[in-house]
Amino acid sequence: MKQITATYIIVGAGLSGLTTAYALHQQGETDIIILEARDRIGGRILTKDGIDFGATWFQNHHEHVTTILDHLHIKKFHQYSEGKSVLVYNSMAPAHYFENDPSYPAAYRIAGGSLAMIQALATIHQERIYTNTKVSHIEEIENQIVLTTNQGEFKAAKVIVTVPPRIASQITFTPKLSNSLMKSMENTHTWMSNAMKVGLTFKKPFWKAKQMSGTLIGQIGCVTELYDHCCAKEETFALMGFVNEALRDVSPEERKSRILEHLQKYLGNEVLEYLTYEEKDWSQDVFTNTDAVKSIYMSPRYGNPAFQETYLNNKLLFSGAETSPIHGGYMDGAIYSGFNAAKKFIAQD
Ligand SMILES: Cc1cc2nc3c(=O)[nH]c(=O)nc-3n(C[C@H](O)[C@H](O)[C@H](O)COP(=O)(O)OP(=O)(O)OC[C@H]3O[C@@H](n4cnc5c(N)ncnc54)[C@H](O)[C@@H]3O)c2cc1C
């Protein structure tokens, strides 16, 4: 079994962990290792066939997202919303249409998909990211922290755990962390861990030809929200949205057939000419969700002050979207907490 040592070990190669690695590197710190349980980097950021199955949008007030995109020279673009949008509010009534108010600022998307940001952040650390490496035990031994994983032991002077708090509560800490901290971790809902997305690609954006935006909204439908998801360069054409959680328990075949029927009804027969159809149910992903799924539609409170403290004699910090007092749960919170964790450790030196 391996035994690898570094000054900094970051647990989790999601947006927060990779931001911390990037920020430490900017300060001249290069002895950094990132341990990631999944076989891929990005965590709740996942772009496949140009479709963002995880985080997608940000707004003007998400200043940390803008900052990091500027650093990485990645462009943003507005969510397409021109033309007629569909409101499904009553399954018996015909579709209602509405137009988006052009004076209301549309959300931004990330050119190349949200994963572009992850890949750019990871470039400098490519060799030092260990995927398929799940941390199960974090122990303070003398002046070091020893991390036990399925791939052997790792040792560090400083550790940043960026795993969503509820998932991090499954890690064993020695000496034990206080009961109140463990309770705070267990009680912190992982934002969007209940979400299920669907994405379809097409040869052409047929909805635009019909002066439709591709937006479809309605809690009673099989797809509760759907949006145009063409790429920034208008070279790939797609629709992406959220699946009604009531369909979670039906068979994949039935779910797909009901979703297609719903979209065909409101957007037209061209829906059936899709090139690819894919779903992602985050509730089934053990590195995001632990719960028997319960929907949470309102933003829970994030940024518990306990997550801002240092532990194990100043050698352990928590970070990640749910620990952030600013825009907790969102990409902006993940980036804010990522920069903040690096700052705290640098300030110790
Ligand atoms: C469907 C969906 C839609 C979303 N939409 C938006 C949106 O439009 N806008 C927005 O701002 N935000 C959105 N979000 C939220 C956004 O994805 C998160 O805020 C952000 O990606 C969190 O980053 P993070 O690094 O804090 O956590 P994560 O991305 O969860 O990263 C944590 C990492 O830790 C790893 N890990 C877990 N356990 C272990 C272990 N024991 N050992 C080692 N590694 C481990 C995980 O695999 C993961 O890679 C969405 C999320 C989802 C799921």
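Just follow the structure's listing: the first ligand is 1, and inside any ligand the first atom is 1.
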Checking side chain to side chain contact (heavy atoms under 4.5 Å, CB included) against Pro164, which of Ile167, Thr162, Val161 comes through?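 Going through the options one by one, the only one that passes is Ile167.
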
Please determine which of Lys197, Arg38, Lys280 meets the side chain to side chain contact (heavy atoms under 4.5 Å, CB included) test together with Leu46.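 For Leu46, the side chain to side chain contact (heavy atoms under 4.5 Å, CB included) check succeeds only for Lys280.
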
Could you give me the CA-CA distance, side-chain angles and deciding distance for Asn340 and Leu317, then say whether side chain to side chain contact (heavy atoms under 4.5 Å, CB included) is met? CA-CA 10 Å; Asn340 212 26; Leu317 277 178; over 6 Å; no

Let's go through Arg255 and Glu279 carefully: what are the C-alpha distance in whole Å and the side-chain angles of both, what is the deciding distance for salt bridge (charged side-chain N to carboxylate O under 4.0 Å, His left out) to 0.1 Å, and is it a yes or a no? CA-CA 10 Å; Arg255 187 166 52 239; Glu279 299 170 359; 2.9 Å; yes

Test log, rule side chain to side chain contact (heavy atoms under 4.5 Å, CB included), inputs Ile45 and Met331: CA-CA 9 Å; Ile45 291 180; Met331 290 190 281; 4.0 Å; yes

Set of residues that line ligand 1, where lining means a heavy atom lies under 4.0 Å from it: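 Ligand 1 is contacted, at a heavy-atom distance under 4.0 Å, by Val11, Gly12, Gly14, Leu15, Ser16, Leu35, Glu36, Ala37, Arg38, Gly42, Gly43, Arg44, Ile45, Phe53, Gly54, Ala55, Thr56, Trp57, Thr133, Lys134, Val135, Thr162, Val163, Pro164, Ile167, Trp191, Met192, Ala195, Trp282, Phe287, Gly320, Ala321, Gly329, Tyr330, Met331, Ala334.
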
Qualifying residue for salt bridge (Lys or Arg N to Asp or Glu O under 4.0 Å) with Lys208, from Glu270, Glu82, Glu234: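 Of the listed options, the one satisfying the test is Glu234.
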
